[in-house]
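For the single chain, residues carry numbers from 1 onward in sequence order.
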Amino acid sequence: MRTDLFDFELPEGNIALRPVSPRDAARMLVVKPGQPLTDSTVSDLPLFLQPGDQLVVNDTKVIPAQLTGRRIGRETEPKIEATLIKRLDGSRWQALVKPAKKLTAGDAIRFGNEGRVCLLGNLDAEVESKGENGEVTLAFSFHGPILDQAIADVGAPPLPPYIASRRTPDERDAADYQTMFAVSEGAVAAPTAGLHFTPALEAALRDRGIGLNRVTLHVGAGTFLPVKADDTAGHKMHSEWGTVSSETAAALNQARTRGGRIVAVGTTSLRLLESAAADDGTIQPFSDDTAIFITPGYRFKAVDILMTNFHLPRSTLFMLVSAFSGLETMQKAYAHAIETGYRFYSYGDASLLFRNQPDR
């Protein structure tokens, strides 16, 4: 499909720079294909679900993946900014760096900030290789848990570029940019639909007989990348590592046999569940990378309802929600959201989308 079909104009005033408080006070647009749009709030989520429905949240935890340092060992020592995007093994990470043109394979980088120490005071890495789009492979001088602690000491949580370009990240973001479910370290971006949840909302959902299940998908920086190809067929989707436990798969399958619906909290949960689902919709245990790219025409196998934020124009995520509820439906929903002041992107408001293909 042509990517310009997924374009729209978004005023800067609709981009949220801070989350609302409390988190479940965010607005929520309820979208049911063929029915009028409903303006609501996240705290009312239980009212739109039924006893026996099963929410699936992503319990990944954002790591302090933003590193600042300098190239060392050569005549000049330019400042280098790196964002870790994917762990390769115990000591190697793939990263996006700026300025990439200042680095070649074999260069040494010393990360660390004045007044903040890690182990011997610095974290060193060697540029092992370079890719075509600014990504490099960094081989760090530490390994395993020691490296994890070093990164935690010198790194900072990465904010999406549409926020970081408009204000300076601060200490509030360290808490604001984690969900209440975050336990499994490895993401460089938050699964933002989960940011709306509070203990009070979780209790209200359980009181209504709605289950809550956890999966893990480590969100990569590729989630922010625009689709540059003129046609969706020319876009290469980034891969992310995820896992669905055998216990979670069994619980979801049992709920479906009893008529319960699967409610994905976030596009990351949806992509993982669809990757783990067999053709008949049965969810299998899963532990692997997924690069599933969902566009209109995709036949959903596992997920019935999707709770998600409002996404960027021409993004793979807007393509996904258009596949889920219909392109025309989502174009109208986004036009309504923009006109009525919904807040977009990571710290923004939510939408509750019902699938355009209700029959399994």
Side-chain angles (χ1 to χ4, degrees), residues 17 61-178 185-190 218-226 228 238-241 346:
L17 300 183
K61 186 175 184 179
V62 180
I63 63 171
Q66 196 77 44
L67 305 177
T68 302
R70 294 190 178 278
R71 186 186 68 193
I72 60 174
R74 293 169 60 182
E75 290 184 3
T76 59
E77 296 189 351
K79 181 180 178 181
I80 301 296
E81 295 182 351
T83 302
L84 305 180
I85 57 175
K86 186 176 182 180
R87 183 192 295 275
L88 301 178
D89 56 32
S91 61
R92 295 160 63 246
W93 276 83
Q94 189 178 56
L96 295 174
V97 299
K98 294 190 301 184
K101 63 182 180 181
K102 296 287 186 180
L103 296 175
T104 59
D107 279 347
I109 306 174
R110 177 159 292 163
F111 296 108
N113 294 310
E114 199 173 35
R116 300 176 67 188
V117 297
C118 102
L119 301 178
L120 299 178
N122 298 290
L123 175 58
D124 291 352
E126 179 182 323
V127 178
E128 191 173 89
S129 61
K130 288 184 64 177
E132 298 178 353
N133 299 310
E135 75 275 12
V136 303
T137 297
L138 296 176
F140 286 94
S141 54
F142 299 123
H143 184 90
I146 297 176
L147 174 59
D148 295 343
Q149 184 58 55
I151 291 171
D153 287 341
V154 303
L159 274 186
Y162 42 77
I163 296 176
S165 64
R166 297 182 61 193
R167 68 165 177 82
T168 302
D170 54 34
E171 292 300 320
R172 279 182 57 185
D173 293 306
D176 287 346
Y177 202 54
Q178 295 281 14
E185 292 189 343
V188 300
H218 292 322
V219 190
T223 190
F224 303 130
L225 297 178
K228 296 180 180 179
H238 59 285
S239 66
E240 297 163 319
W241 184 87
S346 296

Inset, instruction - Enter the distance from D107:CG to L138:CG here, rounded to the nearest 0.5 Å. - result: 11.0 Å

Legend entry - Check: V127 and T104 side chains under 4.5 Å, non-hydrogen atoms: no

Legend entry - Spacing of CZ belonging to R92 relative to NE2 belonging to H143, to within rounding of 0.5 Å: 11.0 Å

Legend entry - Residue list, salt bridge (charged side-chain N to carboxylate O under 4.0 Å, His left out) with D173, at least two apart or on another chain: R18, R167

Legend entry - Validation row: W93, L67 side chains within 4.5 angstrom (heavy atoms): no

Legend entry - Minimum side-chain heavy-atom gap K86-S239 below 4.5 Å: yes

Inset, instruction - Show your reasoning for whether side chain to side chain donor-acceptor pair (under 3.5 Å) applies to Q66 and T83. - result: CA-CA 5 Å; Q66 196 77 44; T83 302; 3.0 Å; yes

Inset, instruction - State, yes or no, whether a side-chain contact exists between E185 and K61 at a heavy-atom distance under 4.5 Å. - result: yes

Inset, instruction - For the pair Y177 (side chain) and L159 (backbone), establish whether a donor and an acceptor sit closer than 3.5 Å, ignoring hydrogens and angles. - result: no

Inset, instruction - Carefully, step by step, assess E77 and R71 under the rule side chain to side chain contact (heavy atoms under 4.5 Å, CB included). - result: CA-CA 5 Å; E77 296 189 351; R71 186 186 68 193; 5.5 Å; no

Legend entry - Derivation of the side chain to side chain donor-acceptor pair (under 3.5 Å) call for T76 and K102: CA-CA 10 Å; T76 59; K102 296 287 186 180; over 6 Å; no

Inset, instruction - Mark yes or no for whether E240, through its side chain, and G220, through its backbone, hold a donor-acceptor pair below 3.5 Å. - result: yes

Legend entry - Gap separating the NZ atom of K130 from the OG1 atom of T137, nearest 0.5 angstrom: 12.0 Å

Inset, instruction - Please examine the side chains of L84 and F140, heavy atoms only from C-beta on, and report whether any two atoms are closer than 4.5 Å. - result: yes

Inset, instruction - Please determine if D148 and R87 form a salt bridge, counting it only when a charged side-chain N lies under 4.0 Å from a carboxylate O. - result: yes

Legend entry - Min side-chain heavy-atom separation I80-P99 under 4.5 Å: yes

Inset, instruction - For the pair D170 (side chain) and R172 (backbone), establish whether a donor and an acceptor sit closer than 3.5 Å, ignoring hydrogens and angles. - result: yes

Inset, instruction - Give, for atom CG of L103 and atom CD of E126, the distance between the pair rounded to the nearest 0.5 Å. - result: 11.5 Å

Inset, instruction - Provide the closest heavy-atom pair for P158 versus A65 in the form atom of the first, atom of the second, distance. - result: CD-N, 3.7 Å

Inset, instruction - Flag the pair L147 / L123 as yes when at least one side-chain heavy-atom distance between them is below 4.5 Å, and no otherwise. - result: yes

Legend entry - Nearest-0.5 Å distance, NZ of residue K98 to NZ of residue K79: 9.5 Å

Inset, instruction - Taking Q178 for its side chain and V62 for its backbone only, find out whether a donor-acceptor pair lies under 3.5 Å. - result: yes

Legend entry - Contact check, side chains of D153 and P64, non-hydrogen atoms, under 4.5 Å: no

Legend entry - Inter-residue atom distance N122.CG - F111.CZ, 0.5 Å rounding: 11.0 Å

